[in-house]
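Counting convention: from 1, in listed order, for ligands and their atoms alike. Nothing fancy with the numbering, it's 1 onward along the sequence. Worth saying up front: this structure is predicted, and the values here are computed from it rather than measured.
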Amino acid sequence: MKDVAVADTRNFALVGHSADGKTSLGEALLFKAGAIASLGSVTAGSSVLTTMPEEKERQGSSVGTSVYAFDWSGKHVTLVDTPGDPNFQSDGQLALHALDAAILVVSAVDGAKVGTERMWRTARGLGLSVIAFVNGIDRERADFDDAVESLAKMEANPVVLSMPGAGGGAVVDLLAMKMVDDRGAREIPAELADEAAAARQQLVESVAECDDALLEKYLEGNPLSDEEVLGGLVAGVRSGKRVPVFAGSASRAIGIEPVLRAIAELLPSPEDARAWNGTDTSSGEKPAPPRPDAPFAALVFKTVIDRYAGLLSVFRVVSGTLHPDTSVLNATNGSRQRLGKLLLLRGHEHLEVPAAGPGDVVAVAKLKDVHTGHALCAEKGGVKLAPIPIPRGVLAYAIAARSKGDEDKLFTSLGRLVEEDPTLHVDRDPNTGQFLLTGMGELHIRIAAERLKRMYGLEIDLQRPKVPYRETITRKVENVEGKLKKQTGGKGMFGVCYLSIEPLPRGAGFEFLDEIVGGAIPRNLIPAVEKGVVEALQHGPLAGFPVVDVRVRCIDGKHHPVDSNEMAFKLAGSFGFKTAAEQARPTVLEPVMHVEVSAPDEHMGDVIGDLNSRRGRVQATDQLGSTSVIKAQVPMAEMLEYASVLTSLTGGKGAFQMAFAHYEEVPAAFRDKIVEEAKAASGGES
Ligand SMILES: Nc1nc2c(ncn2[C@@H]2O[C@H](COP(=O)(O)OP(=O)(O)OP(=O)(O)O)[C@@H](O)[C@H]2O)c(=O)[nH]1
Ligand SMILES: [Mg+2]
């Protein structure tokens, strides 16, 4: 990296749907590039990209991104393997925000799926160059043409650069017009010659369409030279107008060489890749294209806890050249940072390097106040990049240390885990005092629990996610007395307030109005009444859930010149509200979620039927290629185990996202059940 020019630097992420062969392709690329001596297997746990024990336990299925830097044919390349499972896909999306290109891995058997399309849209949305690898051409039922067609349906404008040959044991490279298999390149066999010639013509035509000058030449009947075809392709890829498609088998390392060449020849260098979001503080303009002699700027897209090195911040240098032992600024939170050694990542191995320039990915250990998503910049400013947005988790589980002695450890260990994975959140439930761990889905939380055990020896129990219910009132109640009168020894406590309460619209929260006239309650003691009411709001009259969407008017009161004090009016306010709320026909509110389900068309009926049975309201259905997207609102209580339901409804081809929408009144039949359960739970605690 020190002596490699920016023009010879490449970085890309391997993205796609779960289990379509991203990690296997990464391994095969490293093997064919000579970066590793033998081809490891994902399933056997011997891939250099399978670094976490949690991955080895799950047949190599990735749960986090892996970074591997290698040199090939004069190019310095950084490969980032990303997970396909929706529980962990956000890790890959963070990486895309920091990289220049993506290789979209598509199954030759199923074609593009929900996860394929999601990552394609993210990559394109960010302006990355994309190439596609149709993987598994050796498999029974593989259909390369169908897979290419599925890419066309999601508007990727595929252009085929290599096609399967010899029953999936070789590919025909349509740029070199050679057949490539285990033993190298050779002439295209006669039985494939016609098919290959037709495919080559399609390729030339598609490339010519990207460039007016080429198109004119082509339409006039002049053949395009190899250089012109390559030039047109480069323009097509870098502008996002074309997605070159390669056929192959990752696990058998077939069809890999043409992909390596495409990385070197078609993917952009950092200088001519995407534009960056941010401001150049010296000019106030958008950042200029990256240069090695410009001020330093970088984006942190990953944080890992390394067994030996401790916390590692992994970042992509956007501009400038960084050396070890340099002070920089965290552009996102303003903190000063002293960076120590620069580490190049090769799976779980680190290699100290003397410098890192535009396009390079390096890690630095033990930074404080630097988190995933943050931007770093030179001490004197320069380019301040916009931070990477962090997706928020949606599902909260109550957690507790299994053994009582571990409770202190729980908090610190969770803190470190959240450092590593910003899509995890820890909160404390104000009602129960329990710790809540929020993540992207059930599997995300379970893997987090496994990591706590492995790294800190801490075992935790997960309880079914808790639904944050609320209470509210449904009618107006006027002039309710709240009174405290007490005589102990010579000293008394006295305070009386009269409250009127009424419902407010959903989401309005709480309002307190002071309507006291004539000093019935002294001015300075009215805030005490409000404090008492706010305290009483924490535990509703029905089931003890917090009360929301209510207006409280304090309309009258009584006081005593000696015995009235803050404590007395606080208690009076609290009693008054409790009495009033009980009379105001209280009810329970539940959170309703915006849910977006994507699934292949043929499962749409089942998915909608199931959502209806979950008290869901379907609001819209959209068509994205052969995928249907269903938008609905569904009570959170009905969605707690939806991930596994959707998997069985769609044979693993569906995906969903959800986010909080609003609170709504629970139907009477459910309300009674919720109240009963809450009472049983609080009875059990005391
Ligand atoms: N027959 C065949 N099997 C393959 C091929 N590529 C990968 N596999 C197998 O498919 C399975 C999944 O491969 P991975 O490389 O782990 O897929 P992935 O996309 O990284 O999966 P996630 O990280 O879980 O999203 C493994 O069992 C591989 O051995 C291929 O070209 N042919
Ligand atoms: Mg993987």
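- Protein heavy atoms are found inside the 4.0 Å sphere centred on atom 12 (C) of ligand 1.
- Note: an N/O pair closer than 3.5 Å links Asn135 and ligand 1 by distance alone.
- At the shortest separation from atom 17 (O) of ligand 1 among protein heavy atoms lies Gly21 N, 3.0 Å.
- Taking 4.5 Å as the limit, every side-chain heavy atom of Met440 sits out of range of all side-chain heavy atoms of Phe88.
- Heavy atoms of Arg139 found under 4.0 angstrom from ligand 1 belong exclusively to the side chain.
- Between Val105 and ligand 1 there is no heavy-atom distance shorter than 4.0 Å.
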Open item on the list: Phe301 vs Phe315, test: ring-ring contact (aromatic ring centres under 6.0 Å, His included). Steps then yes/no.
Closed with: CA-CA 6 Å; Phe301 66 89; Phe315 54 86; 9.1 Å; no

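- Nearest non-hydrogen protein atom to atom 10 (O) of ligand 1 is Ala19 O, 4.2 Å.
- Between Arg446 and Glu450, none of the side-chain N atoms (NZ, or NE/NH1/NH2) sits under 4.0 Å from a carboxylate O, so this pair counts as no salt bridge.
- At a 4.0 Å heavy-atom cut-off, ligand 1 touches Thr23 through backbone and side chain alike.
- At a threshold of 4.5 Å between non-hydrogen side-chain atoms, the residues Lys32 and Trp72 do not count as touching.
- Near Ser61, meaning under 4.0 Å from one of its heavy atoms, ligand 1 places the atoms 24 (O).
- The N/O atoms of Gly248, backbone and side chain alike, include none that comes under 3.5 Å of an N/O atom in ligand 1.
- Using a 4.0 Å cut-off between charged nitrogen and carboxylate oxygen, Glu54 and Arg454 count as a salt-bridge pair.
- By the 4.0 Å N-to-carboxylate-O rule, Asp100 lies close enough to Arg316 to be salt-bridged with it.
- The shortest N/O to N/O separation between Pro83 and ligand 1 does not fall below 3.5 Å.
- Looking only at side-chain heavy atoms (C-beta outward), Val370 and Val300 come within less than 4.5 Å of each other.
- In this structure the side chain of Thr50 reaches within 4.5 angstrom of the side chain of Lys56, judged on heavy atoms.
- Between Arg10 and Ser269 the shortest side-chain heavy-atom distance falls below 4.5 Å.
- A donor-acceptor contact under 3.5 angstrom links the side chains of Ser628 and Asp601, judged on distance only.
- Residue Asp20 has at least one N or O atom closer than 3.5 Å to an N or O atom of ligand 1.
- Closest approach of Lys178 and Ala185 over heavy atoms only: CB-CB, 4.2 Å.
- A salt bridge between Asp421 and Arg451 is absent, with no side-chain N of the basic residue lying under 4.0 Å from a carboxylate O of the acidic one.
- Residue-ligand proximity, Ser62 to ligand 1, at heavy-atom distances under 4.0 Å covers atoms 22 (P), 23 (O), 24 (O).
- For atom 7 (C) of ligand 1, the nearest protein heavy atom (residue, atom name, distance) is Ser24 OG, 3.4 Å.
- A salt bridge is absent between Lys75 and Asp71; no separation between the charged side-chain nitrogens and carboxylate oxygens falls under 4.0 Å.
- Side-chain contact, Ser206 with Arg242: a donor N or O sits under 3.5 Å from an acceptor N or O.
- The distance from the Mg ion (ligand 2) to the nearest N/O/S atom of Ser62 is under 2.8 Å.
- For ligand 1, none of its N or O atoms has an N or O atom of Gln59 under 3.5 Å away.
- Taking 2.8 Å as the threshold, Thr23 counts as a candidate ligand of the Mg ion (ligand 2), since one of its N, O or S atoms lies below it.
- Of the options Val418, Ile460, Leu458, a side-chain contact (heavy atoms from CB on, under 4.5 Å) to Ser413 is made by Leu458 and by none of the others.
- Checked against a 3.5 angstrom limit, the closest N/O atoms of Val42 and ligand 1 fall outside it.
- Regarding atom 4 (C) of ligand 1, its nearest protein heavy-atom neighbour is Ser251 OG, 3.4 Å.
- Listed by atom number, the atoms of ligand 1 under 4.0 Å from Ser249 heavy atoms are 30 (C), 31 (O), 32 (N).
- Close approach of ligand 1 to Ser18 is summarised as follows: ligand atoms under 4.0 Å from at least one heavy atom of the residue are 25 (O).
- Listed by atom number, the atoms of ligand 1 under 4.0 Å from Ala250 heavy atoms are 6 (N), 31 (O).
- Less than 4.0 angstrom separates some heavy atom of Gly136 from each of these atoms of ligand 1: 30 (C), 31 (O), 32 (N).
- Remark: ligand 1 atoms within the under-4.0 Å shell around heavy atoms of Thr43 are 27 (O).
- An N or O contact shorter than 3.5 Å links Asp138 to ligand 1 by distance.
- Lys22 N, 3.4 Å is the protein heavy atom nearest to atom 18 (P) of ligand 1.
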